[in-house]
Amino acid sequence: MVEDINEIDPGRLNKKGMFQRRIETRDEFGQKSIGYEDIFANKVSVEIIPVSGRELLAAQQIKGEVTHRIRCRFRHGLTFAVRFVYRNRIFDLQAVIDPREVGVMLEIMAKEGVTNG
């Protein structure tokens, strides 16, 4: 659960990475190719939190296998069809939640690992 929005320390958003969406293209021979494109022009500052054992059980009831919680400032366009890339780590978004429903912060349940996004 996210703390009161007015009490969130911006210093916690200490990791910068890119949100990406999967794209499919075809070459001149009709062969399909999968790639990724950045959703936003600049890197996004986030907080990445490993999910504890108790939280993991609760999170798996939300959707799939969740290994991390990612917090960031509110952004439009983030869905479970997006991934977050931080250094050499890839996080597939499993659920995107606006905990206070005021459009200030997002809490994202994510699964770490290389998948098709």
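Heavy-atom basis, side chains included; hydrogens, waters and symmetry copies ignored. The model shown is predicted, which means the values in this text are computed figures rather than measured ones.
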Look up atom [atom1] in [X] and atom [atom2] in [Y], then write down how far apart they are to the nearest 0.5 Å.
| X | Y | atom1 | atom2 | value |
| --- | --- | --- | --- | --- |
| Lys43 | Tyr86 | NZ | OH | 9.5 Å |
| Leu106 | Leu78 | CG | CG | 6.0 Å |
| Arg22 | Tyr36 | CZ | OH | 6.0 Å |
| Arg12 | Arg71 | CZ | CZ | 6.5 Å |
| Glu107 | Ile70 | CD | CD1 | 10.5 Å |
| Ile34 | Glu24 | CD1 | CD | 4.0 Å |

For this session: Over 60° means perpendicular and under 30° means parallel, so classify the ring planes of Phe91 and Phe84, tilted if in between.
Result: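 It falls in the tilted class, 30° to 60°.
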Do you know which two heavy atoms are closest between [X] and [Y], and how far apart they sit?
| X | Y | result |
| --- | --- | --- |
| Leu13 | Glu47 | CD2-N, 3.7 Å |
| Arg69 | Val51 | N-CG2, 3.7 Å |
| Ser45 | Cys72 | O-CB, 3.8 Å |

Problem set entry | Any donor-acceptor N/O pair, Asp98 side chain to Gly103 backbone, under 3.5 Å |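 Answer holds: yes.
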Exercise. Sub-3.5 Å donor-acceptor pair from the side chain of Asp38 to the main-chain atoms of Ala41, do we have one?
Worked result: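 No, Asp38 side chain to Ala41 backbone: no donor-acceptor pair under 3.5 Å.
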For this session: Taking salt bridge (charged side-chain N to carboxylate O under 4.0 Å, His left out) as the test, write out the residues that go with Glu101, two or more places apart.
Result: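 Once residues adjacent in sequence are excluded, Glu101 has no partner under the salt bridge (charged side-chain N to carboxylate O under 4.0 Å, His left out) criterion.
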Problem set entry | Residues in ring pair (Phe, Tyr, Trp, His ring centres under 6.0 Å) contact with Phe74, at least two apart in sequence or another chain |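 Applying ring pair (Phe, Tyr, Trp, His ring centres under 6.0 Å) to Phe74 gives His76.
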Exercise. Got a salt bridge between Glu37 and Arg21, using NZ or NE/NH1/NH2 to carboxylate O under 4.0 Å?
Worked result: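 Looking at Arg21 together with Glu37, the answer is yes, because their closest N to O distance falls below 4.0 Å.
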Exercise. Could you walk me through whether Met105 and Arg100 pass the side-chain contact (heavy atoms from CB on, under 4.5 Å) check?
Worked result: CA-CA 8 Å; Met105 296 290 289; Arg100 302 284 189 235; over 6 Å; no
Exercise. Can you get from Val82 to Phe40 by hopping between Ile, Leu, Val, Met, Phe, Trp and Tyr side chains that sit under 4.5 Å apart?
Worked result: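 Same cluster.
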For this session: Please check if Met18 and Phe80 belong to a single hydrophobic cluster, counting links between Ile, Leu, Val, Met, Phe, Trp and Tyr side chain heavy atoms closer than 4.5 Å.
Result: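 Result: no, two separate clusters.
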For this session: Decide if atom CZ of Arg73 counts as having more than 12 heavy atoms of other residues, nucleotides or ligands within a radius under 6.0 Å.
Result: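 Incorrect, the count does not exceed 12.
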For this session: Identify which one of Glu112, Lys111, Gln94 satisfies the side-chain contact (heavy atoms from CB on, under 4.5 Å) criterion when paired with His68.
Result: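 Single pass found, and it is Glu112.
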Exercise. Between Val46 and Ile48, does a side-chain contact (heavy atoms from CB on, under 4.5 Å) hold up when you go through it step by step?
Worked result: CA-CA 6 Å; Val46 303; Ile48 300 174; 3.8 Å; yes
Problem set entry | Over-ring placement of Arg83 relative to Phe19, 6.0 Å and 45° cut-offs |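 No, Arg83 and Phe19 do not form such a contact.
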For this session: Go through the steps for Thr25 and Lys32 under the test side-chain contact (heavy atoms from CB on, under 4.5 Å), then give the verdict.
Result: CA-CA 6 Å; Thr25 58; Lys32 187 172 26 170; over 6 Å; no
